[in-house]
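This structure is a prediction, so every number in the text was calculated from the model and none was measured. Only heavy atoms go into these numbers, but all of them, side chains included; no hydrogens, no water, no symmetry mates.
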Amino acid sequence: MASTGVAIALALWAALGDAAGAELASAVVGAVVGLAGLVASVYALRRDGQAAGGAVRADGRGAVAAGGSVTGNAIGADSRVSGAPRAPRSVAGPTRAVLAQGEGSVAAGGDVAGNALGQGGEVAG
């Protein structure tokens with residue numbers, strides 16, 4: 001809402017007053033808004049990894065999240081894993097958040113190997 005007001009004010013300034021001054025003001029406003037966006041993005045990226053502190057969360061119908069390795073699983077209608085299952089590598093728990101968000105999403109904090117995902121998927125162990 002505020003950006004609309006700024007745009008209208010700059011347009012009126014250019015139309016009714018000094019076009020060169022309006023151009024300079026729009027450049028300054030653009031730089032300030034761009035810098036604010038950069039700061040907000042960096043803050044959100046840093047906070048996302050630190051706030052959850054290794055939390056594992058699945059949000060959404062059919063979503064699957066695992067903090068460690070995901071091996072030898074059949075996820076989905078008519079999916080199957082045949083043969084001897086692979087031994088997962090030992091992986092420490094997640095140091096960042098693991099989030100599967102959205103319908104049918106899958107996320108893992110470690111290795112993902114030897115899995116049949118989706119309808120009719122098949123993997124030989």
For the residue pair L99 and A107, what are the closest heavy atoms and their distance? O-CB, 3.6 Å
Which pairs with one or both residues in residues 33-45 pass salt bridge (charged side-chain N to carboxylate O under 4.0 Å, His left out), sequence neighbours excluded? none
Minimum heavy-atom distance S79-A74, with the two atoms named: O-CB, 3.5 Å
With sequence neighbours left out, what residues match S26 under side-chain contact (heavy atoms from CB on, under 4.5 Å)? L10
Locate the shortest heavy-atom distance separating A100 from V64; write the atom from each residue and the value. CB-O, 3.3 Å
Please collect all salt bridge (charged side-chain N to carboxylate O under 4.0 Å, His left out) contacts where either partner lies in residues 62-84, sequence neighbours excluded, each pair once. R80-E122
Holding to salt bridge (charged side-chain N to carboxylate O under 4.0 Å, His left out), I want the full list of residues that pass it with D59, two or more places apart in sequence or in another chain. R57
By side-chain contact (heavy atoms from CB on, under 4.5 Å), V33 pairs with (sequence neighbours left out) V29
